[in-house]
Amino acid sequence: MSVTAVCEALRASRVIPVLRLATREAAAVAIDCLIEAEYRTVELTLTMPGAIGLITELKRRALPDFLVGAGTVLDLDSARACLDAGADYLVSPCLVTGMPALADARGAAALLGGFTPTEILAAWREGAQIVKLFPAASGGPAHLAAVHAVYPQIPLCPTGGVSAANMLDYYNAGAALVGVGNNVIDQKALAAGDRAQVIRHARSFLELAAGAGR
């Protein structure tokens with residue numbers, strides 16, 4: 001899949017589940033539930049135990065068009081390790097100079113983070129195909145709308161504090177897609193082994209996104 005195709009597929013997915021769970025075992029179950037809920041991508045943060053191994057494992061068993069992202073990638077050495085593991089896209093909460101070029105050379109996409117207008121434009125000029133607006137909760141949908149008004153050409157992905165209660169507000173403010181953290185997973189149901197409830201809860205975010213304006 002080309003870099004352009006990866007970005008188009010991410011935007012079409014509308015929701016990136018961003019997993020940051022305490023154990024590799026919990027993450028593995030959550031991933032299976034997300035796949036069953038018909039997600040076409042998942043972002044595994046490097047703050048999670050065994051994240052790179054999970055990327056390798058998931059790429060080995062997932063369908064070819066399922067996109068696996070690596071999150072909280074803070075330096076080029078980590079970026080290379082994630083790409084070697086098979087990551088289709090790299091996500092950082094900040095500007096990592098050289099990461100988009102590194103990803104592009106390997107056929108992967110890069111989402112760099114920014115919050116202020118200066119940071120967002122810097123991420124875009126660095127080559128990020130999508131800019132992660134982080135932490136979204138600090139400014140809310142109104143902040144995204146203000147940034148989108150002056151940078152309509154930059155696809156924005158608000159992440160950090162996006163929930164079922166405010167997700168539509170972010171879309172209405174101009175978000176191209178959203179990143180939803182651990183609240184995409186019903187944590188109590190996951191701990192109790194209630195996979196059906198985990199799947200229902202995760203699917204509700206996709207249903208919300210499907211009804212949002214573009």
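Hydrogens, waters and symmetry mates play no part in the numbers below; they use all other heavy atoms, side chains included. Positions are given from 1, in the same order as the sequence printed here.
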- Message: Suppose we screen for salt bridge (Lys or Arg N to Asp or Glu O under 4.0 Å). Which residues come up paired with Arg203, at least two apart in sequence or across chains?
- Response: none

- Task: Kindly write out the residues that satisfy salt bridge (Lys or Arg N to Asp or Glu O under 4.0 Å) with Asp32, not counting sequence neighbours, or none if the list is empty.
- Result: Arg61

- Derivation and outcome, side-chain contact (heavy atoms from CB on, under 4.5 Å), residues Leu112 and Glu119: CA-CA 10 Å; Leu112 296 181; Glu119 293 167 349; over 6 Å; no

- Considering only heavy atoms from C-beta outward, does the side chain of Val42 approach that of Phe66 to under 4.5 Å? yes

- Task: Evaluate the side-chain proximity of Gln129 to Thr4: yes if any heavy-atom separation is below 4.5 Å, no if none is.
- Result: no

- Query: Testing His201, Arg200, Gln197 for side-chain hydrogen bond (donor to acceptor under 3.5 Å, both in side chains) with Asp186, which one passes?
  - Reply: Gln197

Minimum heavy-atom distance between [X] and [Y], given as atom pair plus value:
X      : Y      : value
Cys82  : Ile52  : SG-CG1, 4.4 Å
Pro100 : Val96  : CD-O, 3.9 Å
Val162 : Ala136 : CG2-CB, 4.5 Å
Pro117 : Tyr151 : O-OH, 3.1 Å
Ala123 : Gly113 : CB-O, 4.3 Å
Leu190 : Ala30  : CD1-N, 4.2 Å

- Message: If you apply the rule side-chain contact (heavy atoms from CB on, under 4.5 Å), what do you find for Leu208 with Tyr171, and how did you get there?
- Response: CA-CA 10 Å; Leu208 269 175; Tyr171 286 129; over 6 Å; no

- Message: Looking at Gly161, is its backbone amide N or carbonyl O close enough to the side chain of Asn166 to form a donor-acceptor pair, meaning the two atoms are under 3.5 Å apart?
- Response: yes

- Message: Determine whether Leu206 and Arg14 satisfy the following criterion, side-chain contact (heavy atoms from CB on, under 4.5 Å), listing intermediate values before the conclusion.
- Response: CA-CA 8 Å; Leu206 290 180; Arg14 301 285 273 159; over 6 Å; no

Contacts of [X] that satisfy side-chain hydrogen bond (donor to acceptor under 3.5 Å, both in side chains) - sequence neighbours left out:
X      : result
Asp194 : none
Asp169 : none
Arg195 : none

- Of all pairs that satisfy ring-ring contact (aromatic ring centres under 6.0 Å, His included), the ones with a partner from residues 97-128, not counting sequence neighbours: Phe115-His143

- Task: Using the side-chain contact (heavy atoms from CB on, under 4.5 Å) rule, pick out the option among Thr159, Leu10, Val73 that qualifies with Leu111.
- Result: Leu10

[X], [Y]: one ILVMFWY side-chain cluster at the under-4.5 Å cut-off?
X      : Y      : value
Leu95  : Val147 : no
Leu44  : Val180 : yes
Phe205 : Ile199 : no
Met48  : Val18  : no
Phe134 : Val178 : no

How many angstroms lie between [atom1] in [X] and [atom2] in [Y], if you round to the nearest 0.5 Å?
X      : Y      : atom1 : atom2 : value
Leu76  : Arg80  : CG    : CZ    : 5.0 Å
Ser92  : Leu74  : OG    : CG    : 5.5 Å
Leu67  : Glu43  : CG    : CD    : 12.0 Å
Met167 : Asn172 : CE    : CG    : 11.0 Å
Leu177 : Lys132 : CG    : NZ    : 11.5 Å
Leu54  : Leu46  : CG    : CG    : 11.0 Å

- Pair Thr47, Arg20: side-chain N/O donor-acceptor within cut-off below 3.5 Å: yes

- Begin from the C-alpha positions of Tyr89 and Thr41 and carry the test side-chain contact (heavy atoms from CB on, under 4.5 Å) through to its verdict. CA-CA 10 Å; Tyr89 60 97; Thr41 186; 2.7 Å; yes

